[in-house]
Amino acid sequence: MAILSGSCRFGLWNVHVSWQDDLVYRVRFAREGIPGPVPEEILRYCAGRPSDLSTLRSVATEGETTFARIYRAVREVPCGETVTYGEVAWMVGTAPRAVGAAMARNPTPLVVPCHRVVAKTGIGGFSPDLAIKEALLAMERQRDVCMPEKGEVNR
DNA sequence: ATAATGTCCCATC
DNA sequence: GATGGGACATTAT
C-alpha cells in the first residue's frame, strides 16, 4: 500500500501527516493545508477532543540509535506533564544537548511529544513557532485531550 | 575534523 | 538576578 498523507487544522497552523495504518512517518507544521486523510487520533487531538496518541507508532522510535532511545523515552511522558531536557538525558544516559538536538530533528512531533520537553529554567524551544508549543501545553493542561480510555469519548 | 544544537551548571559580579 | 564560559553527546557538512 502507498503511504497516505493529508493535513488537519490546529489553530493558525496546518498539521501535515504522512502515515500508513498505525505507523507515522512524518509530521510537520505548515501555513497551508493539503487534501488527504489524517489518522483519527491526530484528528481528535488537534480538535481538542480526547485522544490517545500512544496508539500510534513513529518511525523515529525504531532502531537502536541514541536518537531513537531518546524518542522512546519522550514518548512515555504522560499527557499534561512535562520533563526537562536534562531529565530525559539522565534517563537515556546521554547529554542534555543531545536531547535538544534530537527534539529539533524530531520527524514526528505530537506522536513523539517533544512539546512536553522543556528547559529547566524556561519553556525551551520549538519550531516553526514557539507559540505552537505553548498552545499544545496549555491545551493538555486545561482540556481533557488526555485519557481517551473507557468510553468517556462522547457522553 | 569541525561546526551547530530547542542545554546545564558553576562561578562570578 | 544577570552574564559568561566550559562540558556534554550526537548529527550534518
Side-chain angles (χ1 to χ4, degrees), chain A residues 3 5-20 22-34 38-39 41-148:
Chain A
I3 296 176
S5 59
S7 71
C8 65
R9 204 67 182 281
F10 178 77
L12 300 175
W13 295 85
N14 288 281
V15 184
H16 290 219
V17 186
S18 299
W19 59 292
Q20 179 180 344
D22 65 335
L23 180 61
V24 178
Y25 292 86
R26 176 173 152 180
V27 175
R28 67 181 180 125
F29 294 91
R31 310 273 287 282
E32 300 179 0
I34 59 174
V38 168
E41 293 301 325
I42 292 181
L43 209 52
R44 281 203 282 249
Y45 182 86
C46 289
R49 296 161 51 199
S51 66
D52 186 5
L53 295 178
S54 67
T55 60
L56 296 172
R57 291 182 302 132
S58 166
V59 291
T61 62
E62 303 191 335
E64 294 306 321
T65 64
T66 297
F67 270 26
R69 284 192 291 248
I70 291 174
Y71 294 138
R72 281 196 286 266
V74 172
R75 196 185 52 173
E76 294 177 16
V77 179
C79 183
E81 295 183 27
T82 60
V83 292
T84 65
Y85 297 98
E87 287 172 338
V88 175
W90 182 82
M91 288 189 285
V92 177
T94 185
R97 297 201 74 166
V99 177
M103 295 305 100
R105 290 199 154 283
N106 178 14
T108 60
L110 301 187
V111 181
V112 175
C114 59
H115 58 279
R116 295 177 193 150
V117 185
V118 299
K120 189 166 189 177
T121 58
I123 188 173
F126 197 86
S127 58
D129 191 340
L130 189 56
I132 296 174
K133 186 174 187 175
E134 296 173 337
L136 290 172
L137 292 176
M139 182 178 75
E140 292 186 355
R141 284 184 59 181
Q142 300 171 15
R143 310 278 176 167
D144 306 51
V145 290
C146 317
M147 291 194 67

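Letters go in sequence order (proteins before strands), and every chain restarts at 1.
Under a 4.0 Å N-O distance rule, the pair Glu87(A)/Lys120(A) does not qualify as a salt bridge.
Closest to the side chain of Ala104(A), out of dC8(B), dT5(B), dA9(C), is dT5(B). Among the nucleotides dG6(B), dT11(C), dC8(B), the one closest to any side-chain atom of Cys114(A) is dG6(B). Side chain of Lys133(A), nearest nucleotide from dT7(B), dT10(C), dG6(B): dG6(B). Checked against dC8(B), dT5(B), dA9(C), the side chain of Thr94(A) finds its nearest nucleotide in dA9(C). Counting only heavy atoms from C-beta on, Arg97(A) has its side chain closest to dA7(C) among dC8(B), dG6(B), dA7(C). Among dT10(C), dT11(C), dG6(B), the nucleotide with an atom closest to any side-chain atom of Val117(A) is dG6(B). For Arg105(A), taking side-chain heavy atoms from C-beta onward, the closest of the listed nucleotides dA9(C), dT11(C), dG6(B) is dT11(C).
Nearest approach of Ala73(A) to Val88(A), heavy atoms of both residues: CB-CG1, 4.4 Å. Between Val17(A) and Pro39(A), the shortest heavy-atom distance links the atoms CG1-CD, 3.8 Å.
The separation between Met91(A) atom CE and dT7(B) atom P is 17 Å, rounded to whole Å. Whole-Å rounding puts the Phe67(A) CZ to dA9(C) C1' distance at 9 Å. Going from atom CD of Glu87(A) over to atom P of dC8(C) covers 21 Å, rounded to whole Å. Taking atom CD1 of residue Ile70(A) and atom C1' of nucleotide dG6(B), one finds them 12 Å apart after rounding to whole Å. Between the CG atom of Leu130(A) and the C1' atom of dT5(B) there is a distance of 16 Å, given to the nearest Å. As rounded to whole Å, 8 Å separates atom C1' of dC8(B) from atom NZ of Lys120(A). Atom CH2 in Trp90(A) sits about 14 Å away from atom P in dC9(B), given to the nearest Å. Remark: C1' of dT10(C) and OH of Tyr71(A) are 11 Å apart, rounded to the nearest angstrom.
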Can you list, pair by pair, the side-chain donor-acceptor contacts under 3.5 Å of residues 100-117 of chain A, counting residues two or more places apart and other chains?
| residue | atom | partner | partner atom | Å |
| --- | --- | --- | --- | --- |
| Asn106(A) | OD1 | Thr108(A) | N | 3.0 |
| Asn106(A) | ND2 | Val112(A) | O | 3.1 |
| Thr108(A) | OG1 | Ser58(A) | OG | 2.6 |
| His115(A) | NE2 | Glu140(A) | OE2 | 2.9 |
| Arg116(A) | NE | Glu140(A) | OE1 | 2.9 |
| Arg116(A) | NE | Glu140(A) | OE2 | 3.3 |
| Arg116(A) | NH1 | Val77(A) | O | 2.9 |
| Arg116(A) | NH2 | Glu140(A) | OE2 | 2.9 |

When Watson-Crick pairs (N1 to N3 and N6-O4 or O6-N4) and G-U wobble pairs (N1-O2 and O6-N3) count only below 3.5 Å on both distances, what is the dot-bracket string of DNA chain B, with | for other-strand pairs?
|||||.|||||||

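With DNA chain C read from its 5' end, the first of the two nearest nucleotides for Pro96(A) and Thr65(A) is the one closest to Pro96(A).
At least 2.5 Å separates the SG atom of Cys46(A) from that of Cys8(A).
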With side-chain contact (heavy atoms from CB on, under 4.5 Å) as the test, would you mind laying out the steps for Phe10(A) and Leu136(A) before giving the verdict?
CA-CA 9 Å; Phe10(A) 178 77; Leu136(A) 290 172; 3.5 Å; yes

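Within 4.0 Å of Gly124(A), counting heavy atoms only, lies no atom of the nucleic acid at all. Counting any heavy atom pair closer than 4.0 Å across all strands shown, Thr121(A) reaches no nucleic acid atom.
Of the residues listed (Thr61(A), Leu56(A), Leu53(A)), the one engaging Arg75(A) in a side-chain contact (heavy atoms from CB on, under 4.5 Å) is Thr61(A), and it is the only one.
Listed pair Thr66(A) / dA9(C) fails the phosphate criterion, with no side-chain N or O lying under 4.0 Å from OP1 or OP2.
With a 4.5 Å cut-off on side-chain heavy atoms, Trp90(A) and Tyr85(A) do not count as touching.
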